[in-house]
Amino acid sequence: MRVALFITCVNDTLFPGTGKAVVSLLRRLGCEVDFPTAQTCCGQMHVNTGYRQEGVRLARRFTEVFAGYDAVVAPSGSCAAMVREQYPKLVRPGSRGAAAIAEVTPKVYELSEFLLDVLKVDDVGAYFPHRVTYHPTCHSLRGLHLGDRPTRLLQNVRGLELVPLPAADECCGFGGTFSVKNPAVSAAMGADKARSVLDTGAEVLCAADNSCLMHIGGTLSRQRTGVRIMHLAEILASTEASSQGGDAQ
């Protein structure tokens with residue numbers, strides 16, 4: 001299967017290790033992975049802030065860059081939801097752009113969707129001997145309806161103890177531009193989520209979106225809690241060899 005990695009802006013600029021983990025994991029599972037260097041932003045923050053035409057241009061760019069692949073995998077529920085849910089609403093029905101979007105968007109998957117729904121794998125051979133709690137981010141929970149896909153994958157990681165997160169379905173307060181426009185509310189919501197994480201006694205907070213992890217992790221770090229944040233891909237890419245300092249491949 002020829003798969004393209006859609007890295008997303010946040011991962012490309014701030015969390016490159018997540019992209020490397022996705023490539024390592026998918027290659028381990030037998031996929032041929034490409035990284036189209038012409039890819040850009042999906043346009044979510046433009047559309048959410050009212051810049052619809054900029055979003056249309058970015059949607060067209062996306063469909064051009066990712067045309068021809070069997071699947072497009074994104075380590076972000078937020079950006080995958082943008083492409084699948086919002087792109088069809090940005091263009092006129094029956095137009096050339098609409099046809100291109102209809103061709104590409106059904107092939108766009110968040111990582112856990114791709115593993116379980118396409119590859120039909122729930123045990124990826126990972127090893128991660130730590131106590132972990134999982135935060136279901138808003139777009140992955142309410143937009144993509146990932147359900148228990150991420151936790152099913154985590155439950156099959158050898159050595160991992162998965163503990164439930166209290167009030168898991170509550171927003172962490174990041175919300176992209178929401179955190180910029182409403183910083184006080186955003187910080188308060190982040191503090192609530194951080195308290196829930198601490199109540200679990202987990203060593204690691206996991207999620208399918210690094211943007212939300214960055215927000216919660218900032219609060220956890222300022223409080224000197226010692227709780228680490230890790231993207232789902234990084235845990236799933238971990239092996240016994242990599243945990244001992246060997247080659248993760």
To the nearest 0.5 Å, what is the distance between [atom1] ([X]) and [atom2] ([Y])?
X      : Y      : atom1 : atom2 : value
Met82  : Met45  : CE    : CE    : 11.0 Å
Ile235 : Tyr134 : CD1   : OH    : 10.5 Å
Glu85  : Gln44  : CD    : CD    : 10.0 Å
Glu32  : Arg27  : CD    : CZ    : 9.0 Å
Leu14  : Cys9   : CG    : SG    : 10.0 Å
Ile7   : Lys20  : CD1   : NZ    : 10.0 Å

Test side-chain contact (heavy atoms from CB on, under 4.5 Å) on Asp12 and Gln39; report intermediate values, then the result. CA-CA 11 Å; Asp12 187 41; Gln39 63 183 280; over 6 Å; no

Just checking Tyr51: does its OH atom have more than 12 heavy atoms from other residues, nucleotides or ligands closer to it than 6.0 angstrom? no

Would you please test Arg158 and Glu240 for side-chain contact (heavy atoms from CB on, under 4.5 Å) and show each step? CA-CA 9 Å; Arg158 288 189 302 118; Glu240 195 160 1; 3.4 Å; yes

Kindly assign one of parallel, tilted or perpendicular to the pair Phe6 and Phe62, based on the angle between their ring planes and the thresholds 30° and 60°.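 The rings of Phe6 and Phe62 stand perpendicular, inter-plane angle above 60°.
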
Extract all donor-acceptor atom pairs below 3.5 Å that involve side chains of residues 199-215 and protein atoms in other chains or at least two apart in sequence.
unit_1	atom_1	unit_2	atom_2	d
Thr200	OG1	Val197	O	2.6
Thr200	OG1	Ala202	N	3.1
Glu203	OE1	His130	ND1	3.1
Glu203	OE2	Arg131	N	2.9
Asp209	OD1	Ser76	OG	2.8
Asp209	OD1	Gly77	N	3.2
Asp209	OD1	Ser78	N	3.0
Asp209	OD2	Gly77	N	3.2
Asp209	OD2	Thr137	OG1	2.7
Asn210	ND2	Asn11	OD1	2.7
Asn210	ND2	Thr18	OG1	2.8
His215	NE2	Cys172	O	3.2
His215	NE2	Ser186	O	3.2
His215	NE2	Ser186	OG	3.4

Could you check whether any side-chain heavy atom of His46 comes within less than 4.5 Å of a side-chain heavy atom of Arg57, counting everything from C-beta outward?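 Counting from C-beta outward, His46 and Arg57 never come under 4.5 Å.
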
If you group Ile, Leu, Val, Met, Phe, Trp and Tyr by side-chain heavy-atom gaps below 4.5 Å, do [X] and [Y] land in one group?
X      : Y      : result
Leu111 : Phe15  : no
Leu198 : Val132 : no
Leu232 : Val23  : yes
Ile101 : Val108 : yes
Val185 : Ile216 : no

What closest approach, in Å, do [X] and [Y] show between heavy atoms, and which atom pair accounts for it?
X      : Y      : value
Val22  : Pro75  : CG2-CB, 3.8 Å
Ala194 : Leu220 : CB-CD2, 3.8 Å
Gly19  : Leu5   : O-CD2, 3.9 Å
Val157 : Phe128 : CG1-N, 3.6 Å
Arg149 : Leu146 : NH1-O, 3.0 Å
Phe178 : Met189 : CE2-SD, 4.2 Å

Less than 4.0 angstrom from a charged side-chain N to a carboxylate O is my criterion; do Arg61 and Glu64 meet it? no

Using a strict cut-off of less than 4.0 Å between a Lys/Arg side-chain nitrogen and an Asp/Glu carboxylate oxygen, indicate whether Arg84 and Glu113 qualify as a salt bridge. yes

Short side-chain to backbone donor-acceptor contact, Asn156 and Asp122, under 3.5 Å: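 Flag set: sc Asn156 to bb Asp122 pair under 3.5 Å.
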
Using side-chain contact (heavy atoms from CB on, under 4.5 Å), reason through Leu115 and Leu236 one step at a time and then give a plain yes or no. CA-CA 11 Å; Leu115 294 173; Leu236 297 180; 3.8 Å; yes

With Tyr109, the side chain to side chain contact (heavy atoms under 4.5 Å, CB included) member among Leu116, Leu144, Val118, Leu119: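 Of all the options given, the one that passes is Val118.
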
Just jot down the side chain to side chain contact (heavy atoms under 4.5 Å, CB included) partners of Glu170, sequence neighbours excluded, or say none. Ala167, Lys193

Begin with the C-alpha distance, continue with both residues' side-chain angles, and end with the deciding distance and a verdict on side-chain contact (heavy atoms from CB on, under 4.5 Å) for Thr49 and Lys181. CA-CA 11 Å; Thr49 314; Lys181 296 174 181 177; 3.8 Å; yes

Sequence neighbours excluded and cut-off under 3.5 Å, please list the side-chain donor-acceptor pairs for residues 87-95, or say none.
unit_1	atom_1	unit_2	atom_2	d
Tyr87	OH	Cys42	O	2.8
Ser95	OG	Arg92	O	2.7
Ser95	OG	Ala98	N	3.2

